[in-house]
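So you know, we letter chains A, B, ... as the sequences are listed, proteins then strands, and number each from 1. Atoms considered below: every heavy atom in the structure, side chains included; atoms not considered: hydrogens, waters and symmetry mates.
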Protein chains: 2
Amino acid sequence: MNDRMTPAVRMTGHSQRGQCAKRMSILDAAADVFCRQGFAAASIDEIAAVACVSRQTIYNHYREKETLFVAVVEDVMNRANAMLFSVLSAFPDNADNLEDDLTAFVIRLNKNCICNHDGKFLRKLVQTEGERYPHLFESWRQHGPGKLTTALSALLARLAQKGALVIDDFDVAARQFVALSNADLQMMTLFGGTPTDAELEKAARNAVRTFLRAYGRPAAEKFGAEPRLTALSG
Amino acid sequence: MNDRMTPAVRMTGHSQRGQCAKRMSILDAAADVFCRQGFAAASIDEIAAVACVSRQTIYNHYREKETLFVAVVEDVMNRANAMLFSVLSAFPDNADNLEDDLTAFVIRLNKNCICNHDGKFLRKLVQTEGERYPHLFESWRQHGPGKLTTALSALLARLAQKGALVIDDFDVAARQFVALSNADLQMMTLFGGTPTDAELEKAARNAVRTFLRAYGRPAAEKFGAEPRLTALSG
DNA sequence: GACGTTTTAGACAATGGCGCCTAGTTTTAC
DNA sequence: GTAAAACTAGGCGCCATTGTCTAAAACGTC
């Protein structure tokens, strides 16, 4: 009977320690089962078993299966959104060592936003249940990839203004930057596999090198020129 | 005992014309419902209704739900595979007008292999049910994207040998070519939307332009030079 | 027109999940 | 220490679905 007493994942330790822990445990378990089975095939009993919680407790916190589902999606989306914001705030602002800085950024982006658990969960769920929940799809689109490309567009524009890049259409460049960043990993990420650090770095380096070949400074300045040639622009 | 009179795949239209039509009708309807609902949520009754066929007929042709599912996947995969082969066979072999030829190729690739009904169906299904049917995922990977990047790698190498491209790693370039081709469309394709011809052409042009900026002839020849400067290479 | 095959419509049991309820136990608050 | 709240285990009714079965009807062939 008591297969596992695993007391969930984390708890704050104050007053509603138990309740809060239960809630998080349920959310995590539900995310796991929903992601693996899809909404229809996921059973409340299995979620309860994974969460080490009685079925009634789930119905106590979330009125019905659908309520639990949207709560799970909201929870994961909030986490993913915060992480994306955090990663974006570290986009390189400096034209020195642009290739290395961009590579490091792509590594962080892939590792923490796209190839991580939440990112895969959201993509899979949107593709699986997006038809049944259009608002879910729209919300994911605006908060996830939409925000990413919009923000990247502005960040690339800043770099272009400093003379580090030559870009005609910032939105296109942003989408291509994301596409290149995932070119080597999307096959692996699509299904279970998680890339190793070596694979992450290789993928990022390939992506940034090609991106800079296309959008970097023209060849005349690129070869042997110091980055400070057009200094005052920043 | 006479479970199967099915004489393989197609017939000239004599005796069992009706049977073949029923089979195809069932396959099409099942593909539609499986794609929209997923395997678990798809009901045989709905498939029968969409196919305008009695439920018993489905159980007559396919022993159980699972049998029908794998038949559907095989069918769609065969179609998609044939289409991919057809599109790949039209990859530009000539270095003249490379940008236009590549753009036309990308348009065909997106239109007939990636943004079309079968392509979306397979991607969605692999992501939805790949965990339950690993062989399905593996088969799709090898026959679909795997074959695409492998073939593209060889085709790009041929162009590089003619001096039209400068590529260090053909596999990476092939993956990036595919990634760039879908950069503008994947958000639209991920869910219902089908891109218009104008969107298809714009996406292809953006992709090819960036790809050629990165892998095209070096800048010294690129700027203002006629493509015939090194004529004998073609 | 007779015959065999296929399809149809509906009924059928079996299964399993959802959502509710209750009785009993544990945890938390005061 | 006690009362309230939350949790557990299990049972229950309801409903949808799967897969089988049967009798009637449609189809094509001779």
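- Contact annotation for A:Ala48: no contact, since no heavy-atom pair falls under 4.0 Å across all strands.
- The distance between atom CZ of A:Arg63 and atom P of C:dC20, rounded to the nearest whole Å, is 10 Å.
- A:Asn60 places its CG atom 15 Å from the C1' atom of D:dA9, with the value rounded to the nearest Å.
- Residue A:Lys22 has its side chain nearest to D:dT8 when only C:dG17, D:dT8, D:dG19 are considered.
- Between B:Lys124 and B:Phe34, every side-chain heavy-atom pair lies at or beyond the 4.5 Å cut-off.
- Inspection of the A:Arg175 and B:Gln186 side chains reveals no N or O donor paired with an N or O acceptor under 3.5 Å.
- Atom pair A:Arg55:CZ and D:dA9:P shows a separation of 11 Å (rounding to whole Å applied).
- Of all non-hydrogen atoms in B:Leu156 and B:Ala173, the two that sit nearest each other are CD1-C, 3.9 Å.
- When distances run from any side-chain atom of A:Ser54 to the nucleotides C:dT8, D:dT8, C:dG19, the shortest one goes to D:dT8.
- Protein atom CD1 of B:Ile44 is 13 Å distant from nucleotide atom C1' of D:dA16, rounded to whole Å.
- Remark: the A:Glu66 side chain and the A:Tyr133 side chain contain an N/O donor-acceptor pair separated by less than 3.5 Å.
- We find that OH of A:Tyr59 is positioned 16 Å from C1' of D:dC7, with the value rounded to whole Å.
- Below the 3.5 angstrom threshold, one finds a donor paired with an acceptor across the side chain of B:Gln56 and the base of D:dC21.
- Going from atom OH of B:Tyr62 over to atom C1' of D:dT18 covers 18 Å, rounded to whole Å.
- Contacts of A:Ala42 with the nucleic acid, taken as non-hydrogen atoms under 4.0 Å apart, involve only primed sugar atoms and P, OP1 or OP2.
- The nearest whole Å value for the distance from the NE2 atom in A:His61 to the P atom in C:dG19 is 17 Å.
- B:Thr57 has a side-chain polar atom (N or O) that falls below the 4.0 Å cut-off from OP1 or OP2 of C:dT8.
- Between the side chains of B:Glu131 and A:Gln37, not a single donor N or O lies within less than 3.5 Å of an accepting N or O.
- The distance from atom CD1 of A:Ile58 to atom C1' of D:dC7 is 12 Å, rounded to the nearest whole Å.
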